[in-house]
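If you're wondering where the values come from, they're calculated on a predicted model, not measured in any experiment. Quick note on labels: first sequence line is chain A, next is B, and so on, each numbered from 1.
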2 protein chains.
Amino acid sequence: MSKMTIKPELPGGFRDYLPQDMIPRQKMLDTIRSVFERFGFDPLQTPTIERLDVLTGNNEFFNMHLFRTGVVRGLNEPHGSQFNETAVRFDLTVPLSRVIAANSNLPKPFKRYQVGTVCRGEKPQAGRFREFTQFDADIVGSSSILADTEIILIMCESMKALGFENSTTRFNSRKILNGLAQLVGFDSPDERTKEVFRILDKLEKIGWNEVKEKLQRQPKNSSETDAPNLNNASVDMVKEFLNIKGTSNETLAQLRELFKSSPLGSDGVDELSEIVENLMTMDIPEGRWKLDLSIARGLDYYTGPVFETVLNDAPEIGSVFGGGRYDGLVSRFQEDANIPATGASLGVDRLFAAMKKLDKVHDQKTTVEVLVANFEPKAQEESIKLAATLRRVGINTELYYGSDTSLTGQLRHAVKKEVPFLAFIG
Amino acid sequence: MSKMTIKPELPGGFRDYLPQDMIPRQKMLDTIRSVFERFGFDPLQTPTIERLDVLTGNNEFFNMHLFRTGVVRGLNEPHGSQFNETAVRFDLTVPLSRVIAANSNLPKPFKRYQVGTVCRGEKPQAGRFREFTQFDADIVGSSSILADTEIILIMCESMKALGFENSTTRFNSRKILNGLAQLVGFDSPDERTKEVFRILDKLEKIGWNEVKEKLQRQPKNSSETDAPNLNNASVDMVKEFLNIKGTSNETLAQLRELFKSSPLGSDGVDELSEIVENLMTMDIPEGRWKLDLSIARGLDYYTGPVFETVLNDAPEIGSVFGGGRYDGLVSRFQEDANIPATGASLGVDRLFAAMKKLDKVHDQKTTVEVLVANFEPKAQEESIKLAATLRRVGINTELYYGSDTSLTGQLRHAVKKEVPFLAFIG
């Protein structure tokens, strides 16, 4: 048997969670789970590995870096073509859509939560990983705005339950953005619309003057399809849109005025009004939520309201919880099916990093509450019985059986592990 | 964009857990976790994907079917050599050994539990899957038999906590089997020893006469290294060993006599006596545990006590929880290191299948306790407030916002989901 010493290393972009991180992390997951269950969501589990066609929709433009998988026996078996069939999931939404398409008898609305790891093969960087944990909640089979509102609600409530009092869940509707495209005379979605949203996304960074310039850019030749080429009236309309501010009711009034000639935009305003009304009925204080016209959350996926949660004490972390309505859920499996869905995904690792940064993690190296020392062979039997008694009444107990036979050494073990109590007989 | 309708299917050997299975499954996992924590184990999480050299030890005879992984962009990027570096983990023990080797400062004994999925690429068969969940508990850095006893203890206690009163955790020591090899004049481990154990494993199936014949088989030529070729005295010794029975103390007395000329075997008898003594001190009734000389649990891995739990009401399922002492834990990473370890792994899916078979799963389709109906637009505001109130006092509540606007339809939804209570205003 050939044997070389091997380095105990992980592949780049992967990491362990040792007990001192896992203990608070698990508490965090338990808290989220109990919030989601309180709001009527049930658990689902799907496999780590899925079929490639399910994951990519056989879309030839699918552009993500996936961890393909294939079975190889031992170290030296030749291989190759088996890697064209399966890959590690990259999110929990595609697996949900597969479950919905395959189980038409599930009672609707179907409200599920799922926690699990997903993998994306982007180049690993400092603080960015290739495997991460997502905690998703989705509602399938309801086109009611009340469903979207409840997603915003659980986003607010999860943050509150985790101790992030100072967080805001912001929302917008993709219909507002599509309405804006309609106002300036574009079909939505086309290349120009996408380019306009890309430009607007840069507003904070580059300022209005540069935005304006980019919005007026003309195509150099006929093959350039994404030059916005807005006229002055359209630029003014965009500026008016960007200038909308104030309380939600003030914002809604200005939006209604702006979009009076755009059915799509007006639809969006109705959605947003209904969400605001529902949140007020639910007594969720404004400030924990905010109508925010700058939220877009990608371009191709969402069809209605979109949401994201930011921690106001750590805005640099970006959004920790995000989602929206995506009514094309199962279209990849059933072209004629129209199953509405809305939901959000919590980035567990990012949120945990934020909790540590904001000192909201109660440092705990062990779940052990009592260490029963065991340094006197004659007392070992009694020590075993003491540990049994403590455990019987529900106390997390470690009985010592390491290599250190002195009381001082065992006390040192308790101190190193930060076990709160030491018990001994002798 | 080319688009074809895709079948909502899983790869062979993988499966989903829908809410009706996930709810009791999650309860099961919570129960196990609380038992493990009560006995002083802390949580650890490692990634799904590991380096291939870590998983295989660069052993050219490594023979397992692994799900190799490699990053490919989109659907059409050429690929190949990137599949020689990483694979999905096939157990949770190798990752533990990597963590131990990489984190020498962890307080010892280090007691960790871990729950997670692992993948093995064996051909899928009815009832056998390629992905399954393991729940492991291990103690690293103690060579005390008390550590092994506590592993047996948590095996017994987990089964009890899960409601399997009629289960037995059986144990043996690999030193007993190696002592037997010593008695019949073999070095251990060599090819002949392994062959002898393979033959003994078949005793129940083929009976003593055929076993005897196989034990006496002579090599056909000098290159055949695994023919046992036992003489009559050795065969008698094996028969004497197989005939040992009775209470643990009777068994121990017979073993001590048989192994009086084998230091290895005598060591094994000492180990087993100490385990029996500890279990009696811990007051665990005999019957829930059993010294069983037929337990071997593979050949190359374990170095001392070995354990496995069977459900006496479903023996056909085989062992649901198994493990042993493996003192070579980190040898793949540090040739000179000698870190003792002992532990056991619970097969979650197999145990869950047994629970269903034995009717120990309380069927529950939802965690929702109350459905708040919502069929009267004028009462919607009050319904929203009622749901909020119920949730505030900790009741899992679903507010209805599906497509059925009649009370009867919403009642049907509650019945289909098996929600115990329906509340409505109107």
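With respect to chain A, the highest number of heavy-atom pairs below 4.5 Å among Ala101(B), Ser144(B), Ser142(B), Gly121(B) belongs to Ser142(B). Per-residue heavy-atom pair counts under 4.5 Å with chain A were compared for Glu398(B), Glu122(B), Arg38(B), and the maximum is reached by Arg38(B). Per-residue heavy-atom pair counts under 4.5 Å with chain A were compared for Gly394(B), Ser81(B), Ser403(B), and the maximum is reached by Gly394(B). Ranked by heavy-atom pairs shorter than 4.5 Å toward chain A, the options Ile139(B), Val88(B), Leu52(B) are led by Ile139(B). The candidate from Asp21(B), Thr48(B), Asp404(B) with the greatest count of non-hydrogen atom pairs under 4.5 Å with chain A is Thr48(B). The residue among Asn84(B), Val368(B), Leu75(B), Asp30(B) with the most heavy atom pairs within less than 4.5 Å of chain A is Leu75(B).
At a 4.5 Å heavy-atom cutoff, the contact between Gln380(A) and chain B is made by side-chain atoms alone. For Leu153(B), the part lying near chain A is the side chain, with the backbone staying farther off; criterion is any non-hydrogen pair under 4.5 Å. Only the side chain of Arg25(A) has a heavy atom closer than 4.5 Å to any heavy atom of chain B. Both the backbone and the side chain of Thr397(A) come within contact range of chain B, each with at least one heavy atom under 4.5 Å from a heavy atom of that chain. Neither the backbone nor the side chain of Thr389(A) has a heavy atom closer than 4.5 Å to any heavy atom of chain B. For a residue to count as touching a neighbouring chain, one of its non-hydrogen atoms must lie under 4.5 Å from one of that chain's; by this rule Thr281(A) touches chain B with backbone and side chain alike. Residue contact with chain A, scored on non-hydrogen atoms closer than 4.5 Å, involves the side chain of Thr86(B) exclusively. For chain A, the nearby part of Phe110(B) is the side chain; its heavy atoms alone come within less than 4.5 Å. For Ser383(B), no part lies near chain A; criterion is any non-hydrogen pair under 4.5 Å. Of the two parts of Arg130(B), only the side chain, counted from C-beta on, holds a non-hydrogen atom closer than 4.5 Å to a non-hydrogen atom of chain A. Contacts between Arg33(B) and chain A at a heavy-atom distance below 4.5 Å involve the side chain alone, from C-beta outward. Heavy atoms of Glu131(A) lying under 4.5 Å from chain B belong exclusively to its side chain.
Put simply, CG on Leu18(B) and CD on Gln45(A) are 11.0 Å apart, with the number rounded to the nearest 0.5 Å. Going from atom CD1 of Ile384(B) over to atom CE of Met280(A) covers 13.5 Å, rounded to the nearest 0.5 Å.
Under a cut-off of 6.0 angstrom, the local environment of NZ in Lys416(A) is crowded, with over 12 non-hydrogen atoms contributed by other residues, nucleotides or ligands.
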- Message: The test is side chain to side chain contact (heavy atoms under 4.5 Å, CB included); show your working for Arg73(B) and Met64(A) and say whether it passes.
- Response: CA-CA 6 Å; Arg73(B) 187 171 186 224; Met64(A) 204 176 245; over 6 Å; no
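Put simply, the side chain of Thr69(B) never gets that close to the backbone of Phe67(A): no donor and acceptor are under 3.5 Å apart. Checking side-chain atoms of His413(B) against main-chain N and O of Lys108(A) turns up a donor-acceptor pair under 3.5 Å.
By the side-chain contact (heavy atoms from CB on, under 4.5 Å) test, Lys365(A) is found to be paired with Gln20(A), Glu418(A), residues two or more places apart in sequence or in another chain being considered. Take Tyr113(A) and apply the ring pair (Phe, Tyr, Trp, His ring centres under 6.0 Å) test, not counting sequence neighbours, and it matches Phe135(A).
Ring geometry for His79(B) versus Phe83(A): interplanar angle over 60°, hence perpendicular rather than tilted (30 to 60°).
Salt bridge Arg391(B)/Glu150(A): present, at least one basic N to carboxylate O contact under 4.0 Å. Between Arg98(A) and Asp16(B), at least one side-chain nitrogen of the basic residue sits less than 4.0 Å from a carboxylate oxygen of the acidic one, meeting the salt-bridge criterion.
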